[in-house]
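Right, one structure below, let's go through it.
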Amino acid sequence: MLDLRLVRERTEEVRAGIRRRGGEIDLGEFLALDEKRRKAQQEADDLRRKRNDVSEEIGRLKKAGRQADVQVAEMRAVGDSIAALESVIREAEDAQRNILLTIPNLPHASVPDGRDETANVEVKRWSPIGTEPPKLSFEPKPHWDLAEYLDIIDFDRAAKITGARFALYKGMGARLERALINFMLDLHTTEHGYLEVLPPFMVNRASMTATGQLPKFEEELFKVENGTYFLIPTAEVPVTNIPRDEILPDEDLTLKYTAYTPCFRREAGSYGKDTRGLIRQHQFNKVELVKFARPQESYQELEALLADAEEVLKRLGLPYRVITLCTGDMGFSAAKTYDIEVWLPAQDRYREISSCSNFEEFQARRGNIRYKPKGSKKTEFVHTLNGSGLAVGRTVVAILENYQQPDGTVAIPEVLRQYMGGAERIEPRKK
RNA sequence: GGAGAGAUGGCCGAGCGGUUUAAGGCGGCGGUCUUGAAAACCGUUGAGCGAAAGCUCCGGGGGUUCGAAUCCCUCUCUCUCCGCCA
């Protein structure tokens, strides 16, 4: 959510920022509401002051055993006027907030302009042998063929049990998924300084609103029937909401959390896209990184967050590249986003495996997450950041495809072996 | 599911219709004292809106009243006991 005063006082800058993202916005109604609200507020304040003064006088008169009927009658009328003004204020406030909640964040100055993903800017490439992915000496198989041959993921059974876009992991498949979760959490907690949390997988409307999923993107969420809860689309939601409506001590910043959770997404509007395999599921696992930072430090924290996510891929020996999303490709709440894309040999392209963003104070304002800078009288909004570290299902895809052997077996990356009982490769299960 | 008790400033806790502009304590900050620290003492210390005057905020919402932290209704959450349960 943008600062109301920013919208009022620097309207042109806001309009220009939205335009950079490819949007047009008419702030006329908002500004009119603002004027109306402030005028009513002023009048109500004046009347309240009068009521406060006179009510005190009534108290004194009554205590002294004297009549106060005239004052009481007068204040009854004043009370009615205040009530009328309050409803004007309330309505204007609600209307203003509803408008503010649908305005996206303004892009950071360093974000490249562009209308869609074709304008994203590549930042770097990495691979175990330099920058470019190694060439396989044979025709790489897609991960769904490998998974079927190895009998480690069963999409047909999952479709029977639930429906399309779900997966049933079996044997070494399930073990690999679990190994990755543990490996990532261990790395982030013991080497990168994050505190592990295991949050609820369902959240309420207020939490979804704070991070920006609501009110605009309800159709992308699973809602629990007979309740007001939503399944989380990412751990970002419950974890960012941990300090909602709180004032953090300055010395606690930068606060760093990591969390494993499953993620649930409707994937509305993606019919026919990535229908095969693990790439696009209604339920997938993810290890998330979340930070609460001082505003002046948030961009260096974004670089550090990105490096923490990259480290997972480096240790796994998976080729990747980093891109900066252009203004038109960024999410609603983000001020700046880096995507990490992992190399998938069978698709002969890079695919998103992590998204690392700085939301600046956009989410903090919605969630009222503040801190008091040392030596300052004022509280300020923190900056929130988060990134995948990493999407686990897609990491499985990348391992299957990058570590596949000519015979269809898959080598297990060195760092994962201790998590998989010392196994060095995944082979078809012996009956 | 049944019965009961609660929700007050960063924390604890008093207040139960009109000097509450929320007592007191803890914690924080500043000072005195000290070689330094501790202790002691003194002062200071909630949030929001507004250019200011001022106004609002005692879990959320609604009501009664000239006036509500205080009375009534309702919702949410917490705690205790009983029952059930992974």
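Values in this document were obtained by computation on a predicted structure and should not be read as measured data. Below, read A as the first sequence line, B as the second, and so on, with proteins coming before strands; counting in each chain starts at 1.
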For atom CD of A:Glu93 and atom P of B:U56, their distance in whole Å: 14 Å
When the distance from CG of A:Asp53 to C1' of B:U19 is rounded to whole Å, what number comes out? 14 Å
In this structure, how many angstroms lie between the P atom of B:G9 and the CG atom of A:Asp245, rounded? 13 Å
OP1 or OP2 of B:A47 less than 4.0 angstrom from a side-chain nitrogen or oxygen of A:Lys372, does that happen here? yes
Any A:Arg51 side-chain nitrogen or oxygen under 4.0 Å from OP1 or OP2 of B:G67: yes
Taking the same atom, P, in B:A14 and in B:G24, what whole-Å distance lies between them? 15 Å
Is there side-chain contact between A:Leu278 and A:Tyr169, with heavy atoms separated by less than 4.5 Å? yes
Ring centre gap for A:Phe362 and A:Phe332 strictly below 6.0 Å: yes
What distance, rounded to whole Å, do you find between the two P atoms, one in B:G13 and one in B:G59? 14 Å
Would you say B:G54 has OP1 or OP2 under 4.0 Å from some side-chain N or O of A:Asn52? no
Rounded to the nearest Å, what distance is computed from the CD atom of residue A:Glu56 to the C1' atom of nucleotide B:U20? 11 Å
Can you tell me if A:Tyr299 and A:Glu360 form a side-chain donor-acceptor pair at under 3.5 Å? yes
When the C1' atoms of B:U45 and B:G9 are compared, how many Å lie between them, rounded to an integer? 11 Å
So A:Arg370, base contact, sugar-phosphate only, or nothing? Heavy-atom distance under 4.0 Å. sugar-phosphate
In whole angstroms, the gap separating C1' of B:C57 from CD of A:Glu86 amounts to 13 Å
Take atom C1' in B:A52 and the same atom in B:U70, then report the distance between them in whole Å. 33 Å
As a test of reading the structure: which of B:C77, B:C49, B:C66 is closest to the side chain of A:Tyr229, going by heavy atoms? B:C77
Between B:G18 and B:C72, how far apart are the two P atoms, rounded to whole Å? 15 Å
Starting at the 5' end of RNA chain B, which residue's closest nucleotide do you reach first, A:Gly79 or A:Gly59? A:Gly59
How far, in whole Å, is B:U32 from B:G48 if one measures between their P atoms? 31 Å
Heavy-atom count around A:Lys36 NZ within 6.0 Å, excluding the residue itself: above 12? no
If only side-chain N and O atoms of A:Arg49 are considered, is one of them under 4.0 Å from the OP1 or OP2 phosphate oxygen of B:U56? no
Should A:Arg8 be listed as having a side-chain N or O under 4.0 Å from OP1 or OP2 of B:G50? yes
Could you tell me the separation between the CZ atom of A:Arg205 and the C1' atom of B:G60, rounded to a whole number of Å? 17 Å
Looking only at the side chain of A:Asp46 (C-beta and beyond, no hydrogens), which of the listed nucleotides B:C77, B:G18, B:A53 gets closest? B:A53
Give me the ring orientation class for A:Tyr194 and A:His192: parallel if the planes are under 30° apart, tilted from 30 to 60°, perpendicular past 60°. perpendicular
Looking at A:Glu218, I want to see if its CD is surrounded by more than 12 non-hydrogen atoms of other residues, nucleotides or ligands under 6.0 Å. yes
Could you state the atom-to-atom distance from CZ of A:Arg48 to P of B:G50 in whole Å? 15 Å
Name the nucleic acid region contacted by A:Gln42, choosing base, sugar-phosphate or nothing; use a 4.0 angstrom heavy-atom cut-off, strictly under. base
Roughly how many Å is it from CD1 in A:Ile247 to C1' in B:C57, rounded to a whole number? 13 Å
Could you tell me how far B:G1 sits from B:C84 if I compare only their P atoms? Round to whole Å. 15 Å
Would you say A:Thr379 reaches B:G48's phosphate, i.e. side-chain N/O to OP1/OP2 under 4.0 Å? yes
Would you measure the distance from the C1' atom in B:C12 across to the matching atom in B:A38 and give it in whole Å? 24 Å
